[in-house]
Amino acid sequence: MSEIKVRFAPSPTGYLHVGGLRTALFNFLYAKKVGGKFVLRIEDTDQKRKVEGATENLLSTFDKIGISFDEGPTQGGENGPYFQSQRLEIYKNHIKKLLDDGNAYPCFCSSERLEQIRTEKMAKKETPKYDRHCLNLSKSEAQERMKHEPFVIRMKIPDDEEIVFFDVVRGRVAIPTAEIDDQVLIKTDGFPTYHFANVVDDFLMGISHVIRGEEWLPSTPKHTLLYRFLGWKLPKFVHLPLLLNPDKSKLSKRQGDVAVEDYLKKGYLPEALLNFVALLGWNPGDNQEIFSLAELEQKFSLKRVQKGGAVFDIEKLKWMNGQWIRNEKIEKIAELGKPYFLEANLDISDNRKFLAVIENARKRVDTIPEMLEHSLPFYRDLEFSETDLELLKSESSQKVVKFWAEKLAEKTNWSEPEIKNLVKETIEETGIKGKDLFFPLRLALFGATQGPDIPALIEILGVAESVKRLKI
RNA sequence: GGCCCGUUCGUCUAUCGGUUAGGACUCCAGGUUUUCAACCUGGCAAGAGGGGUUCAACUCCCCUACGGGUCACCA
């Protein structure tokens, strides 16, 4: 019984994509579920696309979101290094076997020539494949030219064969070899391509399950062939359904936020994001929808991974985030909201008041920063429009407001039932009720006729401030 | 275009041949709160089409349609 080991292998191109988050999460959950190991490997074999700080960025996002690795750049491990750019020697060692066995060959064609055959084939509506121009060079000639000419190393795809592999979610997949190009394995700059590096590393790192996005399905035959050439046992392949834009195309930047950081900045909780993304392409089989990470770790199963792509529906994410905001401990939500209040220059030093304010606001929002707009009247002087003032200055309103100011001032502790009693008392004393009673009160206390109910308002404001506001 | 994968309410999804096809988001209505929100209840809304197999098909098979992915010295 060999060990279960999975990996997340992003290329460091800047930020963590929500699709990447989902892939990482499923890997993580599977590892947790079966007691396996989770590896982070940075696929930085493209020198041209290197982005400064991208890896640090990735790491910090995972840190915030609560996904951790057993092996990787920060925690090390016996299979390192975990940057492909630091494993060049390893790839060179393995390409040699391919070359010796005739399963790979050097190619000296210029990119111009490649471009030319591609356009020619496209014009003839043929699949643009390499014409194997360099395949039949004699060994000695090739050897000689390798000394002073730039070259790549290509994989020699067998003729007329059907490559069959079994995907854990899709079952049997078969692709004819005629469809596969003689893939470049080593680039002119000596770096490996994804296809080669990922196979070598997955094997050397002992990866048992390759869990990745469906976009890799068509190139999987190249990988299985490589395993065959190298004489290695195949890992299990698990291709996850794609995350989609509302128009069903592959989730992309063009149609909205796609970086996990963007969502975090907008006030989505890591827990909600994880919860939401977990349910895209997987479900527990019952009707539960709100899950903590710990619960997911327990319930996750590859058997319940979907085949079809899933649209990333922001409306549902918002709802789910609202659920988390309402159900998390109030102190935690307050802590998350704090920076926004401080930035607005509000004095939130009275913690009792702040918690009450947050308790009121959290019921009305989908994201953290939205709490601010629902809380402003508790911290700032109220501003009244002409019509507001008209309402407040009316005889009836003044009667209500004065009555309350007077009564409230009688003592400092008012319970909710007592406030409700005061409402009854007001009706009895003044005969004013309904809208005529509640609108002036709420307007005076909160600056709007719609909002929190009166007991809540007084609870948050405190008796002294309430009395002050009622004297208008 | 070739190849590959996919297809249940608008969206996320349940259903392992026999169900009034269930839940959630959105939307609508009602309740609660004499307001708003939250919350509760209810409602609208689905098996792409056509052939088989079977006593019975959303479920198994085939074809068609549609959607997507992929065809780089990017991953």
Side-chain angles (χ1 to χ4, degrees), chain A residues 9-13 43-49 84 107 109-111 114-115 118 122 124-130 150-154 167 169-171 173-176 178-181 183-195 197-198 212-221 239 241-242 244 246-250 276 279-290 303-304 306-320 322 326 359-365 374 423 433-439 441-443 446 448-456:
Chain A
S11 66
T13 49
E43 311 232 320
D44 55 348
T45 55
D46 188 352
Q47 294 304 93
K48 294 186 285 285
R49 295 214 306 175
Q84 289 187 326
C107 167
C109 294
S110 67
S111 44
L114 261 19
E115 189 52 42
R118 187 168 310 139
M122 294 277 259
K124 281 190 266 180
K125 292 201 169 174
E126 287 171 26
T127 309
K129 274 175 62 182
Y130 178 57
F151 63 93
V152 301
I153 295 179
R154 286 181 184 275
D167 182 87
V169 344
R170 279 150 235 280
V173 177
I175 295 176
E179 293 301 321
I180 309 170
D181 204 358
Q183 182 64 47
V184 171
L185 262 20
I186 301 286
K187 301 183 259 189
T188 315
D189 64 5
F191 279 70
T193 57
Y194 168 85
H195 302 287
N198 119 82
R212 76 226 306 189
E214 192 191 339
E215 68 265 35
W216 294 109
L217 200 59
S219 48
T220 302
H239 287 96
L242 259 18
L244 273 24
D247 71 356
K248 306 261 189 179
S249 57
K250 187 167 138 185
F276 177 65
L279 262 16
L280 258 24
W282 174 83
N283 75 81
D286 55 34
N287 284 334
Q288 185 179 347
E289 291 205 283
I290 304 297
K303 288 199 187 85
R304 299 201 66 91
Q306 238 74 251
K307 290 186 175 75
V311 172
F312 189 89
D313 179 15
I314 301 206
E315 287 306 315
K316 188 146 186 181
L317 204 214
K318 281 185 184 167
W319 167 79
M320 194 168 274
R326 256 157 259 135
E359 187 55 58
N360 169 70
R362 82 199 300 201
K363 291 196 199 111
R364 295 152 208 276
V365 300
H374 291 280
V423 170
K433 56 180 178 173
K435 265 194 347 189
D436 297 333
L437 169 58
F438 289 93
F439 279 16
L441 280 177
R442 192 173 294 108
L443 193 53
F446 188 65
T449 54
Q450 295 195 333
D453 57 28
I454 307 297

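Being a predicted model, the structure only gives us computed values, none of them experimental. Labels below follow one simple rule: chain letters A, B, ... track the order of the sequence lines, proteins then strands, and each chain is numbered from 1.
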Note, A:F191 side chain near A:D46 side chain (heavy atom, < 4.5 Å):
no
Interatomic spacing from CG in A:L280 to CG in A:L244 - rounded to 0.5 Å:
9.5 Å
For B:rG50 versus B:rG31, give the span between their P atoms, rounded off to a whole number of Å.
44 Å
Would you mind reading off the distance between A:K303 atom NZ and B:rU15 atom P, rounded to a whole angstrom?
14 Å
Expected string for nucleotides 63-75 of chain B under the B/S/- scheme (protein heavy atoms, under 4.0 Å, primed atoms plus P, OP1, OP2 as sugar-phosphate) is ----SSBSSSBBB
Identify which nucleotide among B:rA14, B:rC12, B:rG6 has an atom closest to any side-chain atom of A:N283, counting heavy atoms from C-beta outward.
B:rA14
Quote, to the nearest angstrom, the P distance that separates B:rC39 from B:rA24.
13 Å
Using a 4.0 Å heavy-atom cut-off across all strands, classify A:G213 as base, sugar-phosphate, or nothing.
nothing
Would you indicate what A:R304 reaches in the nucleic acid, counting non-hydrogen atoms under 4.0 angstrom: base, sugar-phosphate, or nothing?
sugar-phosphate
When rounded to the nearest Å, what value does the distance between C1' atoms of B:rA14 and B:rC25 take?
15 Å
Is B:rG67 paired to anything, Watson-Crick or G-U wobble with both distances less than 3.5 Å, and if yes, which nucleotide?
B:rC5
Taking the same atom, C1', in B:rG6 and in B:rC58, what whole-Å distance lies between them?
16 Å
A:R170 side chain: which of B:rC4, B:rG6, B:rA14 is closest?
B:rG6
Are A:P452 and A:R364 packed together at the side-chain level, in the sense that at least one heavy-atom pair is separated by less than 4.5 angstrom?
yes
G-U wobble or Watson-Crick pairing nucleotide for B:rA24 (cut-off 3.5 Å, both distances):
B:rU11
To the nearest Å, how far apart are A:W282 CH2 and B:rA14 P?
11 Å
What integer number of Å spans the C1' atoms of B:rC28 and B:rA45?
12 Å
Are any non-hydrogen side-chain atoms of A:H239 and A:V169 less than 4.5 angstrom apart?
no
Ion pair present between A:K316 and A:D313, side-chain N to carboxylate O less than 4.0 angstrom?
no
Heavy-atom pair with the smallest gap, counting every atom of A:T449 and A:R442
O-NH1, 2.8 Å
Is there a side-chain contact between A:Q306 and A:N283, using heavy atoms and a 4.5 Å cut-off?
yes
Which atoms form the tightest heavy-atom contact between A:P241 and A:G308, and what is the distance?
CB-O, 3.1 Å
Atom NZ of A:K307 and atom C1' of B:rC12: how far apart are they, to the nearest Å?
17 Å
Once you measure the plane-to-plane angle for A:F276 and A:F312, does it fall in the parallel (<30°), tilted (30-60°) or perpendicular (>60°) bin?
perpendicular
Nearest-nucleotide 5' precedence on RNA chain B, A:R326 against A:L280
A:L280
Roughly how far apart, to the nearest Å, are B:rG1 and B:rU11 at atom C1'?
32 Å
What is the distance, rounded to the nearest whole Å, between atom CZ of A:R362 and atom P of B:rC39?
12 Å
Looking only at atom P, what distance separates B:rU54 and B:rU8, rounded to whole Å?
28 Å
For atom NZ of A:K187, is the number of surrounding heavy atoms from other residues, nucleotides or ligands below 6.0 Å larger than 12?
yes
Under 3.5 Å for both donor-acceptor distances, Watson-Crick or wobble: does B:rU35 have a partner, and if so which one?
none
Contact class for A:A174 (heavy atom, under 4.0 Å): base, sugar-phosphate, or nothing?
sugar-phosphate
Counter-base of B:rG17, judged by Watson-Crick or G-U geometry with both distances under 3.5 Å
none
When the P atoms of B:rC9 and B:rG23 are compared, how many Å lie between them, rounded to an integer?
16 Å
Pairing check on B:rG30: which nucleotide meets the Watson-Crick or G-U wobble criteria with it, both distances under 3.5 Å?
B:rC40
Let me have a per-nucleotide readout for nucleotides 18-36 of chain B, 5' to 3', with B, S or -, counting only protein heavy atoms under 4.0 Å.
-----SBS--------BBB
Dump the intermediate steps for side-chain contact (heavy atoms from CB on, under 4.5 Å) on A:Y130 and A:C109, then the final yes or no.
CA-CA 10 Å; A:Y130 178 57; A:C109 294; 3.1 Å; yes
For B:rG47, what is the paired nucleotide under Watson-Crick or G-U wobble rules, both distances under 3.5 Å?
none
